[in-house]
Every structure is written in structure tokens, then in C-alpha cells.
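Counting starts at 1 for both ligands and their atoms, in listed order. We're numbering straight along the sequence, starting at 1.
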Amino acid sequence: MKRVFSGIQPSGNLTIGNYLGAMKNFVRLQHEAQCLFCVVDLHAITVPQDPAALRQNSRNLAALYLAAGIDPEKSIVFIQSHVPAHAELGWLLQCIAYYGELGRMTQFKDKAATKDVVTAGLFTYPALMAADILLYQADLVPVGEDQKQHLELTRDIAERFNHRFGDTFVVPEPYIPKVGGRIMSLENPEKKMSKSDESQGAYIAILDPPDVIRKKISRAVTDSDKEVRYDIEQKPAVSNLMTIFGLFTDMTMEQVTEHFAGKGYGQFKKELAEVVVDGLAPVQARYQELIATDEVDRVLRTGAERARDLSRQTLATVKERLGFLAE
Ligand code: ATP
Ligand code: MG
């Protein structure tokens with residue numbers, strides 16, 4: 001059986017970008033693979049986080065995994081910092097990754113550009129991400145398109161280690177959806193939708209109430225002319241909204257185009273808002289049920305135990321191969 005690993009940062013309210021680009025595939029893959037889904041809190045602190053908010057966001061994210069359809073009987077759901085092997089292997093792989101290759105990561109360049117101070121952790125983050133994945137010998141990593149470069153680096157690190165020290169790591173493959181791998185900001189179609197965006201109008205959160213979703217969509221930027229037409233080059237904003245419509249309705253772009261032929265942006269946005277509201281409603285309802293119980297906490301305890309067990313073997317092998325004296 002194939003092994004799958006992925007994680008999401010508890011760095012804010014999850015967006016429909018996270019949902020369409022990553023989470024939907026998590027739910028799909030758990031029927032055909034052994035899956036680990038992680039709340040990557042060690043990654044979240046690469047940029048400043050308010051401690052109380054981080055704690056809340058971590059638990060909320062775990063509840064959202066379950067609400068989205070991840071079955072804790074099938075998959076392992078856990079918090080990254082509950083499994084010390086992540087930080088430990090993260091350090092070891094920082095000593096395998098090169099300064100130059102980390103400096104080429106576009107996410108680092110983009111995030112660093114918006115910050116007054118840049119932590120060392122933001123720079124070395126991809127080595128920790130490699131550790132998350134390689135620790136469990138994952139074959140497949142379901143992520144959005146923005147993580148493709150980090151996945152390539154993970155593969156390079158794994159191959160480098162295997163080459164130098166002998167076969168140790170499975171070299172993982174990215175698993176990126178063809179449609180929905182890069183949902184764009186509602187305010188700027190040149191920028192990807194991100195939960196840590198300072199402007200709340202840039203994203204739709206999975207847990208946004210219906211009236212908020214309607215308002216954000218009605219204010220979303222569109223392009224010149226009034227036609228609902230899929231054209232990434234000429235009409236990036238409308239094309240992004242059409243992609244969201246298609247993903248929530250299981251319609252192809254041809255079908256969406258045909259459906260809105262002769263209708264203007266007003267009608268389009270109205271229908272889009274209802275489709276998103278209806279699509280998120282079941283997830284929101286399950287989330288509200290879950291968050292009030294201690295089921296999430298139980299799932300996280302069991303998940304951490306199972307993940308710790310699985311992580312031990314790889315870490316022991318790595319330390320032995322590197323030449324560390326046995327305890
Ligand atoms: P942050 O702004 O804090 O980095 P984020 O929205 O980018 O938040 P992450 O936790 O970094 O979320 O990523 C979680 C998963 O969601 C990853 O697999 C990532 O590739 C995917 N993802 C993030 N943004 C998008 C998007 N706009 N479209 C599709 N997938 C996305
Ligand atoms: Mg991100």
C-alpha cells in the first residue's frame with residue numbers, strides 16, 4: 001500500500017484554496033493509501049504567530065481535517081510538534097540541503113519580501129518540510145502547485161542522502177490537481193489565495209458564514225468587458241472565479257462557459273456565491289459538531305502515538321548512517 005503524507009500550517013483560517021488544492025485530495029487518497037495528515041505548527045512559527053491564536057488554530061485545523069472527510073480510523077491525523085522526530089530530522093537535513101538551493105525557493109523570496117525581519121527558520125523551512133515527508137517514507141505528497149518547488153528540493157535531498165550514505169529514503173512524488181492546484185486571490189489574480197493574506201477580502205475561508213462569502217464574491221475583482229469567458233491571459237480574475245465554480249459543481253470550463261453565455265458578471269457572481277455557500281455548508285456543519293466535543297483531542301493523541309511509532313525507524317537509520325554513536 002502506498003504511503004501519503006501532507007500538512008497544512010495552522011497560520012490562519014483555511015481558505016477554499018487549501019480546500020480545493022489540497023484537502024479534497026487528502027480525502028480522496030485515504031481510500032487507496034496509508035495517509036498521514038499533519039498540522040504543521042513548526043512551520044507556522046517561521047513567521048510571527050500569536051501564541052493563543054496558534055493554539056486555537058492548531059485545534060481548529062485538526063477539526064477541519066475531520067470535518068472535510070478525513071477518517072481517523074483510516075488516516076493518521078496529528079500535530080507536528082507532538083512528534084519530536086520532525087525537528088530532529090529537520091536539523092539533520094538542513095546539513096544536507098545547500099544554502100544556494102534554499103535561496104532559490106520562490107516562496108522564501110516572496111514571503112521574505114513582505115517582512116521587516118526574516119527568520120532563519122523561514123529560510124530553512126524546506127529542509128523541515130523534506131523531513132516531514134521523508135520521515136514516513138511517503139510515496140505521494142498531495143499539495144497545491146505552490147509547493148512543487150519544495151517537493152523537487154525534497155527529492156533532491158533524498159537522492160543526495162541515498163547516494164552518499166546508502167539507500168535510506170523513498171523519493172516521493174508530488175500529487176497536484178490539474179484544476180484547482182493554484183486558486184488565486186479574489187483581490188489580485190496575479191497572487192495566489194493565502195490564509196495568511198493580510199486582507200480578508202483576498203480569500204474565502206472554509207468557515208466563512210454565507211453572508212460573508214456573498215459579500216467577498218460580490219467584491220471580487222473582475223476583468224474588462226462583461227463576458228464570462230475562460231481566458232487565463234486576458235481574463236485572469238474571471239477565469240479564477242470560473243475555476244472555483246467548476247470545482248464546486250463538477251463542471252468543465254466548457255460547461256461553465258455555456259452555462260453563463262449571455263449572462264453578465266452580476267448573475268455569474270450571484271450563482272457562484274450560492275454554489276460556494278452550498279458546497280461548504282456540510283463541512284461547516286460537521287465542524288461545528290466536532291469542535292464542541294473532545295473527539296479532536298482523542299484523535300490527535302492517538303495520531304501522535306502512531307506517528308511517533310512510524311517515525312522511529314527512519315530516524316534511527318539516518319543517525320546510524322550519518323555516523324552518530326549509538327546511545
Ligand atoms: P500561508 O499563507 O500561511 O503559507 P497557505 O494558504 O499558503 O498559508 P499552507 O499551509 O502553506 O497554506 O499550504 C497548505 C496546502 O494548501 C499546501 O498543499 C498548499 O500547496 C495548498 N495551497 C495553498 N494555497 C493554495 C492555493 N491558492 N490554491 C491551491 N492550493 C493551495
Ligand atoms: Mg503557504
Side-chain angles (χ1 to χ4, degrees), residues 4-29 35-50 53-54 57-58 60-62 64-65 68 70 79-80 105-115 118-119 121-122 125-126 128-129 132-133 138 140-154 172-200 202-208 220 232 236-237 239-241 243-244 246-248:
V4 165
F5 177 93
S6 198
I8 298 184
Q9 303 184 66
S11 50
N13 300 316
L14 258 67
T15 73
I16 57 168
N18 303 131
Y19 182 65
L20 301 172
M23 254 184 174
K24 273 180 89 175
N25 272 341
F26 296 0
V27 176
R28 206 170 291 143
L29 281 166
C35 296
L36 294 108
F37 298 117
C38 189
V39 174
V40 288
D41 52 355
L42 298 175
H43 286 282
I45 61 162
T46 54
V47 299
Q49 300 291 340
D50 171 65
L54 179 63
N57 284 336
S58 297
N60 294 354
L61 172 46
L64 207 45
Y65 273 149
I70 289 168
I79 306 275
Q80 188 184 25
M105 295 295 112
T106 56
Q107 178 178 290
F108 171 73
K109 289 191 254 187
D110 292 347
K111 285 198 173 179
T114 66
K115 303 269 174 278
V118 176
T119 67
L122 187 66
Y125 163 125
L128 178 60
M129 175 164 158
D132 301 338
I133 298 163
L140 278 185
V141 185
V143 283
E145 219 169 85
D146 64 302
Q147 293 300 326
K148 196 167 173 231
Q149 198 185 25
H150 290 160
L151 242 298
E152 276 158 15
L153 180 62
T154 300
E173 301 275 347
Y175 187 92
I176 299 172
K178 283 194 187 73
V179 183
R182 191 175 178 79
I183 300 295
M184 307 311 281
S185 155
L186 299 184
E187 293 177 338
N188 176 2
E190 306 293 309
K191 226 171 86 175
K192 90 165 183 74
M193 185 179 281
S194 290
K195 67 174 121 64
S196 63
D197 201 305
E198 268 161 24
S199 170
Q200 296 202 5
Y203 60 82
I204 294 171
I206 302 175
L207 297 175
D208 273 344
I232 286 286
S239 299
N240 182 48
L241 297 177
T243 300
I244 296 170
L247 286 165
F248 274 102

task: Would you check ligand 1 and list the protein residues that come within less than 4.0 Å of it by any heavy atom, ordered by chain and number?
output: Ile8, Gln9, Ser11, Gly17, Asn18, Gly21, Ala22, Lys111, Val143, Gly144, Asp146, Gln147, Gly180, Gly181, Arg182, Ile183, Lys192, Met193, Ser194, Lys195, Ser196
task: Evaluate the criterion side-chain contact (heavy atoms from CB on, under 4.5 Å) for residue pair Met193 and Met184; output intermediate values, then yes/no.
output: CA-CA 5 Å; Met193 185 179 281; Met184 307 311 281; 6.0 Å; no
Side-chain donor-acceptor pair present, Glu187, Ser199, cut-off under 3.5 Å: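 Glu187 vs Ser199: donor-acceptor pair found between side chains.
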message: We want to know whether Lys195 and Ser11 form a side-chain donor-acceptor pair, criterion being a heavy-atom distance below 3.5 angstrom.
response: yes
- prompt: Relative to the ring of Phe37, is the ring of Tyr65 parallel (under 30°), tilted (30 to 60°) or perpendicular (over 60°)?
  reply: tilted
- prompt: Which distance, rounded to the nearest 0.5 Å, do you find between the CE of Met129 and the CG of Leu153?
  reply: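 With rounding to 0.5 Å, CE (Met129) is 9.0 Å from CG (Leu153).
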task: Kindly check if the number of other-residue, nucleotide or ligand heavy atoms within 6.0 Å of NZ (Lys24) is above 12?
output: yes
